[in-house]
Amino acid sequence: MQKKKNKTAISPTRDENFPEWYQQVIKAADMAENSAVRGCMVIKPHGYGIWELIQKELDNRIKAEDVENAYFPLLIPLSYIAKEAEHIDGFATECAVVTHHRLEDDGEGGLKPAGELAEPYIVRPTSETIIGESMAKWVNSYRDLPLKLNQWANVMRWEMRPRMFLRTAEFLWQEGHNAFATAEEAAQDARRMLEVYADVFENVLAIPVKRGQKTPEERFPGAIDTLTLEAMMQDGKALQACTSHNLGQTFSKGFDIKYQAEDGNQKHAWTTSWGFSTRTIGGVIMTHGDDDGLRLPPKIAPTQVAIIPFIRDDADIEKLQPYGDGLLNKLKAKNIRARFDLSEGRAGDKIWNHIKKGTPVRVEIGMRELEEGVISVSRRDKPGKEHKQTVPVGNFVDNIEDILNDIHENLYNEAKTYLEQNITDVSSTEELEKFYSDQENKGFVRMDVSVLKDPALETIMTKHALTPRCIPFEDDGKKVLIGKSY
RNA sequence: CGGAGUGUAGCGCAGCCUGGUUAGCGCACCUGUUUUGGGUACAGGGGGCCGGGGGUUCGAAUCCCUCCACUCCGACCA
């Protein structure tokens, strides 16, 4: 009867043990599980359904920026990545390397690699190099620019410490790669694509973010400028959500992406790259989840409205089925992702399953509702049956978009309040030290950007595992946010 | 890759220290009855290479060695 004592569907609670809570939410929501390969996960239908919805939203926005989708190979010749010193420096330690192309009998009942490759391939950790190689071929004149490409792909980084969604050895993402004739265009592009990401975070995922610039030490290997969105998880740690890089001429020089300008001279292009990954799903969990599990913002909920029948006997089903189907069809006609759950099983269990999976709206129908032409509506963002409301079917159908929007707003505002309340202004390194020495304190600290040149900073940062998260645009580059991060 | 911990049924755990019947419990699952509006109740039942390999022993979930995986704290990173 332990479950009855627990008022929460997930144990431990966030307060008791946040990392363990995170794992349990993923399990309870049936989103993903570990695979036989270290650091790699199986994304189950509910987790992948969320990713597909995120993809659709982001892909539409990317296309609206006149970027075209393409696909580049998984394997990259070793020589490509070796062309750019800074780049290889950043990724060398986490590259998977393909050295053979055949298997043969090892004489002991097993198999061994054979057919050693003359030049090994690496499994892409990112694709700047192989795309740069193509761009060099495709760009001849200033008329070929800008060239804007995106690919949806998997990449592999051999991580030392994998965590579901947040840091897996293989992950899914989109990587955009744009090339321009001028430095200004590239700089603007990096900033614009960051804004596309911010739009997805705020208006699709309901996650508030701080837009800003990375410090030089935190830049992407090979970038001259890295822009980031930093989100705050419910344990006060930062999650670097997305990054957009101004690569300057690093890769255009490394791969000879040259064009003939109007004046007839050969010039190197200016490039950007920008990525958004499945890590985001981890951000959704840690931003919105509660002690009953996942809470999904409606725009990425595979099921937005779950209709759950309360059946006493078989005679009920005959009457409730048309009632539920009627509601289901009306919702579908409005492009609401609704499901009518007529499967065998107890209504209470179905309710809890939807709670754990984060379904935004639950509708209960029974003989009681049927007789009065009403339904009972519960919202995942307002837990507890005291918030359950009984409304006429027509009224509910008319207002469903508003309800979903309201849930989105509510989740966003809750997270926004948390973010702002957990940013503390601090004016000296002594205060910084004092702040993080108190275990009760969490979140980000905001300091004058000049602190980055203070020799006293590094010791404190190392001691408390802090990093500069970003130099936010909203403070005109005068401030820096510091915090612990994932 | 360093430090710490954990691997026993789908999930959560006990048993291990002090080796010895058919390896237990709760939830989930199956059958039946009973119930039905935030996880009904009772009864019966199915499901385990006790993470893998090696060793010690008459005998290993239990002791020793060694791999592997997972989790946490770091270093590194989306």
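This one's a predicted model, so the numbers in the text were calculated from it and none came from an experiment. By convention in this document, chain letters (A, B, ...) are assigned in the order of the sequence lines, proteins followed by strands, and residues within each chain are numbered from 1.
At the heavy-atom level, A:Ile311 lies under 4.0 Å from base atoms of the strands shown. Here A:Met156 lies out of heavy-atom contact (under 4.0 Å) with every strand. Counting non-hydrogen atoms under 4.0 angstrom, A:Gly275 reaches nothing in the nucleic acid. Across all strands, A:Thr126 comes closer than 4.0 Å to no nucleic acid atom at all (heavy-atom distances). Among the heavy atoms of the strands lying under 4.0 Å from A:Ile355 is at least one base atom, whether or not backbone atoms are also near.
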Return the polar atom pairs (N/O with N/O) between nucleotides 49-53 of chain B and the protein under 3.5 Å, or none.
none

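Relative orientation of the A:Trp173 and A:Phe171 rings is perpendicular, given thresholds of 30° and 60° on the angle between their planes.
Counting heavy atoms from C-beta on, the side chains of A:Ile307 and A:Asp341 never come closer than 4.5 Å.
Between A:Trp21 atom CH2 and B:G12 atom P there is a gap of 17 Å when expressed in whole angstrom units. If you measure from atom NZ of A:Lys356 to atom P of B:G39, you get 13 Å, rounded to the nearest angstrom. In this structure, A:Asn353 places its CG atom 14 Å from C1' of B:C29, rounding to the nearest Å. Distance CD1 (A:Ile351) to P (B:G39): 8 Å, rounded to an integer number of Å. Look at CD on A:Glu364: it is 7 Å from P on B:G38, rounded to the nearest Å. For the pair A:Asp291 CG and B:G38 C1', the interatomic distance rounds to 16 Å; values are reported in whole Å. For A:Ile10 and B:G39, the CD1 to P distance is 16 Å, given to the nearest whole Å. A:Lys44 places its NZ atom 12 Å from the P atom of B:G10, with the value rounded to the nearest Å.
Electrostatic pairing of A:Glu195 and A:Arg191 counts as a salt bridge here, judged by a charged N lying under 4.0 Å from a carboxylate O.
Across all strands shown, B:C29 pairs with B:G45; the Watson-Crick or G-U wobble distances both stay below 3.5 Å. The pairing partner recorded for B:G39 is none, the criterion being a Watson-Crick or G-U wobble arrangement whose two distances lie under 3.5 angstrom. Checking B:G74 for Watson-Crick or G-U wobble geometry (two distances, each under 3.5 Å) identifies B:C1 as its partner. Pairing for B:A14 is absent, with no Watson-Crick or G-U wobble pair whose two atom distances lie under 3.5 Å. B:U22 makes up no base pair with any nucleotide shown, lacking Watson-Crick or G-U wobble contacts both under 3.5 Å. Summarising the base pairing, B:U34 is matched to no nucleotide, lacking a Watson-Crick or G-U wobble pair whose two defining distances lie under 3.5 Å.
Aromatic rings from A:Tyr412 and A:Phe201 are positioned such that their centres are separated by 6.0 Å or more. A distance below 6.0 Å separates the ring centres of A:Phe220 and A:His87.
Cation-pi contact between A:Lys83 and A:Tyr80: present, with separation from the ring centre below 6.0 Å and deviation from the ring axis of at most 45°.
Remark: A:Arg161 pairs with no residue by the salt bridge (charged side-chain N to carboxylate O under 4.0 Å, His left out) rule, at least two apart or across chains.
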Item checked: Contact state string [nucleotides 66-78 of chain B, B base, S sugar-phosphate only, - no protein heavy atom under 4.0 Å] -> ---SSSSBBB-BB
